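Presented below is the structure to which this report refers.
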Amino acid sequence: MRVRNKQTVLIVEDQMINRAILSKILSVEYDVLEAENGAAALEILTGQKKKVNAILLDLVMPVMDGYEFLARIRNTEFEDLPVIVLTGETGSEAEQQVLDSGAWDFITKPYQPVILMTRLKNAIARSQMGMFERICYIAEHDTLTGLYNRSKFFSATRHMINESEDGKFAFMRFDIDKFSLINSFWGEAEGDKLLCFAAKVIRETGDGFDACTYGRINSDIFCICFPYSEENVRRIVRASIDRLSSYGANYFIKPVFGVYVIEDPEVSVEAMYERASMAAATCKGKYSKYLEFYNASMARELDWEQYVVNNMKASLENGEFVPWIQPKYELRSQKPCGGEALVRWEHPGKGVIFPSKFIPIFERNGFVTELDYYIWDKVCGLLRKWIDEGRDPAPLSVNISRIDMYNPNSVRILNDLVKHYDIPPALLNLELTESAYMDNPEVMKGILNSLRESGFTIMMDDFGSGYSSLNTLKDIPVDILKIDMNFIREDGADAGRSRTILASVIRMAGWLDLPVIVEGVETEMQVDFLKEIGCDFVQGYYFGKPMAVSEYVDLMEENKTIPGRRVNNKDISEIVWMSNPDTERLIDSLHYPVGIFECSDNECSLLRANDPFNYMFVPVRGEPLLDVLPSSHLRKEDNEKIANACSALDALHPTASMEMEITDENNDTFGLSMSIDYLGKIQNRKVIMTFIRILPQ
Ligand code: C2E
Ligand code: CA
Ligand code: CA
């Protein structure tokens, strides 16, 4: 075995405890020297008892701070030493300032050991190269993980396959299922940390082969190309799953692998990647499926895609794309109160083709915009026709694809359409999928505000399918929340949990005065449950499937009804309150203090609170409500108000709200508005939720 001399890292940091932690992390792989400020560091460097290979530098230190240290080593023999700055500040300005001062890289506190080690390793590797090599390195490597980037990985793979004489290779793509969840629940720093760890796993795996290439394609997608044998594939998959599942107790990490066994080495590496990706896609969201090999039926999908692409324009011109309509119902009256236009491809040879077969393709190639404009036009035409026929039509909604929102013409086209057909914009509702909001919330806000000003009603479609929190709802201008049908699917163990979340979402939407439509309602049981939790509107096969326009017209004629009014049904007799991670996340996602209490007789004790609540009141679980709040000097009469409100709450009087003033430790007085909501009962005890806003001064 080759013995490697350990390299030496110098930690420059005034806090002893920080030095000790860093030293502990680093000493696994490096010899570590410590200095308590810039001056002491200079002494160590010039003393040169030991060659230093890299420096970790704190910026704020007595005697000589980090900036001065960097200035001092400039133009000296130490100028080329990689210096990584440890900074508490984030944001591009602070980062730029650090890099301008001569540092190579920076790491933000709190330190993530894996990131620290990776960045250090990358910096040392770069410092051992010449200038030209360094520029090449940066062009070819991914800065976060140090692996090959996409283009270098593709070219290195091409090279490897060409060079190999008879070897057969496997091209594997892997990513982490629902990686965005990790990013959004635990923050990007955690996400980066996981990616560095995954890179480490793949590097160790790859280095075990004589011939192998690996790299990071983008975000959480990694690829590795290695000599094919069934055994090699299983081994890599097994090892990666084991390593990744040992990664952290807090998350369930599910890697997903797609493999293309390279039968034909002439195929371009991009195509190999596509095939491996196609295979991987079949594992997504499936609990127990980790690995799939590319096969010919996936190729048939490619053929279908080709067919669709070749025929879409002509078919649109032929009028083969037709809006069908699925009615929406007001839950309380169970009367239809509008509909959603859902496109069907009425193909002359193949029959009716459903959107799942072509919309994703159109979304990839951009044609969806053309199709959507066409459908919007047809829908406006229908509304006009019904008005002319004196039918007093209920609103219809159309789907807005996420890429429509990036087309600057879309807003104008919608406005032009309602003008052209002379219909009230309130009759045309716009459904925009949740994930589109999250792509670019700032831009989206502007567009949606302008659409709302024009009089359109905006629905957030598929809410709950992505990972946006309820908290985003208060910032995004939407009028109606459409809840993804997955929330009410009854699949075994998860059913209870989904229901609890659904109940919380509907309740919280109520606070924001957002009416809710639940989609995909299929059974009477679901209907009963939705009634119980105060859902306003529903859409689903139980009430009606998407139907041809003429059928919809008949349905609406039979059921002439008053337009839907918001129901505020808070009559929950009994709920099952359990502390589960999803509810916790929901509560945590709110910026306002939220506390959940359990009340027996006159005492309410804390079950659960989110961080803003804890921060404001420093309560302890189990503490009574009125003991929690006066830690911030509640007035006596307010005390009584709250106590009375709590004891008066019940299923018939589920909400109380009040405003009050509190004085904190610094004698600052500020106004609070507090709402108390009755959530339900656990045996004889009530569960209530307090929701607090600080009023502007
Ligand atoms: P979506 O907007 O979420 O539409 C709801 C889908 O759920 C529809 O599928 C509808 O038929 C289906 N659905 C409704 N109730 C039930 C139920 O009780 N059970 C089940 N299992 N399914 C139910 P569809 O029509 O196949 O549309 C699928 C997706 O295609 C739509 O999802 C939408 O994202 C997209 N889409 C449809 N038409 C258009 C369009 O004109 N433009 C764009 N951009 N997308 C469209
Ligand atoms: Ca929709
Ligand atoms: Ca939907």
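Not measured: the values here are computed from a predicted model. Residue numbers run from 1 in the order of the sequence given. Counting convention: from 1, in listed order, for ligands and their atoms alike.
Shown in contact with Arg344 at under 4.0 Å from a heavy atom are these atoms of ligand 1, numbered in order with element: 11 (O), 24 (P), 25 (O). Which parts of ligand 1 touch Val368 is read off a 4.0 Å heavy-atom cut-off, strictly below it: atoms 44 (N). Shown in contact with Asp462 at under 4.0 Å from a heavy atom are these atoms of ligand 1, numbered in order with element: 3 (O). Close approach of ligand 1 to Asp461 is summarised as follows: ligand atoms under 4.0 Å from at least one heavy atom of the residue are 2 (O). Here is the list of ligand 1 atoms found below 4.0 Å of a heavy atom in Gln326: 10 (C), 14 (C), 15 (N). Close contacts between ligand 1 and Ile359 involve ligand atoms 43 (C), 45 (N), 46 (C) [criterion: under 4.0 Å to a heavy atom].
Between Phe171 and Tyr294, the ring centre distance reaches or exceeds 6.0 Å.
Contact between Ser277 and Arg173 at its shortest, heavy atoms only, is OG-NE, 3.0 Å. Smallest separation of non-hydrogen atoms from Phe537 and Pro515: CE1-CB, 4.2 Å. When all heavy atoms of Val518 and Cys535 are compared, the closest pair comes out as CG2-SG, 3.7 Å.
Atom 35 (C) of ligand 1 has its nearest heavy-atom neighbour, among Pro355, Ser356, Pro323, in Pro355. Of the listed residues (Phe354, Tyr541, Phe543), the one carrying the non-hydrogen atom nearest atom 16 (C) of ligand 1 is Tyr541. Atom 42 (N) of ligand 1 has its nearest heavy-atom neighbour, among Val398, Thr433, Asp372, Val379, in Asp372.
Look at Glu340 and you'll find a heavy atom under 4.0 Å from some atom of ligand 1. Ligand 1 lies nowhere less than 4.0 angstrom from a heavy atom belonging to Glu363. Under a 4.0 Å heavy-atom criterion, Pro546 is in contact with ligand 1.
In summary, Thr433 places no N/O/S atom under 3.0 Å from the Ca ion (ligand 2), failing the contact criterion. At a cut-off of 3.0 Å, Glu431 coordinates the Ca ion (ligand 2) through an N, O or S atom. One of the N, O or S atoms belonging to Asp461 lies under 3.0 Å away from the Ca ion (ligand 3).
Relative ring orientation between His347 and Trp345 is described as tilted, the plane-to-plane angle lying within the 30° to 60° band.
Of all the heavy atoms of Leu342, the ones lying under 4.0 Å from any atom of ligand 1 are found in both the backbone and the side chain.
Of the residues listed (Asp462, Asn399, Asp461), the one engaging Thr433 in a side-chain hydrogen bond (donor to acceptor under 3.5 Å, both in side chains) is Asp462, and it is the only one.
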